[in-house]
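Working notes, beginning with the structure itself.
When a ligand or atom number is given, it counts from 1 through the structure's own listing order.
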Amino acid sequence: MRFYSTNNPEITVTVEEALFHSMPVDKGLYMPTPLPKLGAQFFESIAGQSLAEIGFEISKALFGNEISKADLEELTHRAFPFDTPVVNLETGKSAVLELFHGPSLAFKDVGARYMAALMSYCSKRSDKEINILVATSGDTGGAVAMGFHNVPGVRVSILYPSGRVSDLQEKQLTTLGGNIQAFEVDGSFDDCQAIVKQAFIDAELNAQLSLSSANSINIFRLIPQGFYYVRAYGQVRQFGKPVVFSTPSGNFGNISAGAMVQQMGLPIAHFVAATNLNHVVPDYLTTGIYTPKASVATISNAMDVGSPSNFVRLAHLYGDDYNRFKTNVSGFFYDDDETRAGMQKIYDQFNYVACPHTAIGIMGLQDYLTESKQDSIGIALATAHPSKFKPLVEVVLNISVDVPKRLAILSDRPKQSIHIPADYEAFKESLLHTVA
Ligand SMILES: *Cc1c(COP(=O)(O)O)cnc(C)c1O
């Protein structure tokens with residue numbers, strides 16, 4: 001397996017290069033090559049397998065030349081001690097794929113834990129301390145912090161927008177301590193992401209520290225996210241209908257992971273890209289013109305991204321061809337009032353408690369299924385557990401929501417963060433200070 005840059009498919013790099021230096025020097029995004037083809041036989045064999053088992057099978061097809069079978073098996077089972085079940089809304093018609101049974105209660109556990117397992121495996125071979133920088137709009141940071149906590153040889157610095165993440169999200173970022181350091185930035189998620197991007201191209205900083213990213217720009221976050229699309233397909237294949245996935249999207253990593261396994265042969269009939277008021281991709285689908293914008297704050301804050309870093313990847317997967325993109329993906333977006341109303345309707349109709357992101361995914365799915373008039377089976381990705389947005393969900397649905405115990409214990413721990421302005425030099429100075 002090799003990786004090329006979307007800016008120059010001619011030059012390829014190794015697994016370790018793409019893993020530890022998330023971004024190519026030409027500022028494109030890494031893509032795997034060649035993508036193995038998973039045939040009909042493979043899909044027949046996977047019904048009933050867990051995420052870890054399917055992850056192991058696909059990992060062998062991807063990295064069987066670089067990593068031994070035994071190591072891959074150990075690594076995937078360590079990364080995925082939880083599963084990603086499909087839960088029916090209307091049997092044979094629509095379902096949710098619950099991706100929140102991991103430690104931080106959001107789908108980002110899947111990518112972060114697989115990447116952490118792979119990094120700790122590869123760093124044993126190289127023996128140098130790795131500094132991971134990650135910008136988060138909420139959920140990435142928690143998943144990365146928990147995935148890397150106490151992993152030897154790795155330090156993690158997390159940048160998050162002050163006042164724009166939920167209390168519980170903030171607790172996950174700021175209470176673990178040890179090798180995890182939180183930077184609270186006076187600015188938006190886009191500001192945090194810009195600081196991280198600048199750090200990676202800062203020659204002076206890179207000469208001092210071995211920097212690595214855990215953002216969704218790292219292709220190793222995306223690859224394992226493909227596993228649960230395959231797992232879900234295995235569960236609904238019996239209905240013999242075209243399968244549509246609806247993915248609540250912000251940075252567009254999750255949906256790009258789906259497009260990647262589609263390219264590997266997973267028979268996905270269509271994708272719904274469901275967003276909040278940050279709807280540059282739905283706009284692209286209507287107009288053919290892609291115009292990144294500043295992000296707008298919404299109640300589905302993990303999707304408050306105005307300039308999605310994986311748009312380039314998704315477009316690339318469809319050959320940078322607008323018509324092909326449009327044939328495979330439909331866009332829907334909802335404002336906060338519509339999201340609240342959708343959460344209520346989903347609760348009334350299916351007795352299902354959805355977080356605001358998941359609700360947007362389900363609404364997009366329903367609107368697409370109604371519009372397309374085809375007899376498909378639709379699967380909406382449930383990206384976070386409702387208790388991650390407990391105050392909001394409780395007010396909207398007028399019910400009480402329990403936080404699973406493994407997270408509830410964090411709320412008693414003191415917050416520890418370094419407060420900085422949205423300024424690269426300020427970040428650099430305090431980063432060098434903390435790692436020195
Ligand atoms: C990160 C996140 C999203 C958006 O996923 P992308 O891969 O950035 O498109 C959606 N919902 C939740 C709960 C998230 O944490």
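Distances shorter than 4.0 angstrom occur between a heavy atom of F107 and an atom of ligand 1.
Side chain to side chain, N251 and S309 meet the donor-acceptor criterion of an N or O pair below 3.5 Å.
Results of the side-chain contact (heavy atoms from CB on, under 4.5 Å) test with S104 over Q172, R113, Q169 single out Q172 as the only residue that passes.
For ligand 1, the atoms closer than 4.0 angstrom to any heavy atom of G253 are 6 (P), 7 (O), 9 (O). Close contacts between ligand 1 and K108 involve ligand atoms 1 (C), 2 (C), 3 (C), 14 (C), 15 (O) [criterion: under 4.0 Å to a heavy atom]. If you number the atoms of ligand 1 from 1 as listed, the ones under 4.0 Å from a heavy atom of N254 come out as 7 (O).
Where the criterion is an N or O separation shorter than 3.5 Å, residue side chain and backbone included, S249 fails it with respect to ligand 1. When only interatomic distances are considered, the shortest N/O to N/O separation between F252 and ligand 1 falls below 3.5 Å. At a 3.5 angstrom cut-off on N or O pairs, G250 counts as close to ligand 1.
Under a cutoff of 6.0 Å and an axis angle of 45°, K60 and F56 form a cation-pi pair.
Under the 30°/60° scheme for interplanar angles, the aromatic rings of F3 and F220 are found to be tilted. Ring pair Y229/F245 is perpendicular by interplanar angle, where above 60° counts as perpendicular and below 30° as parallel.
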Name every donor-acceptor pair, under 3.5 Å, that has one atom in a side chain of residues 399-413 and the other anywhere in the protein, sequence neighbours excluded.
residue, atom, partner, partner atom, Å
R406, NH2, G102, O, 2.9
S411, OG, A408, O, 2.7

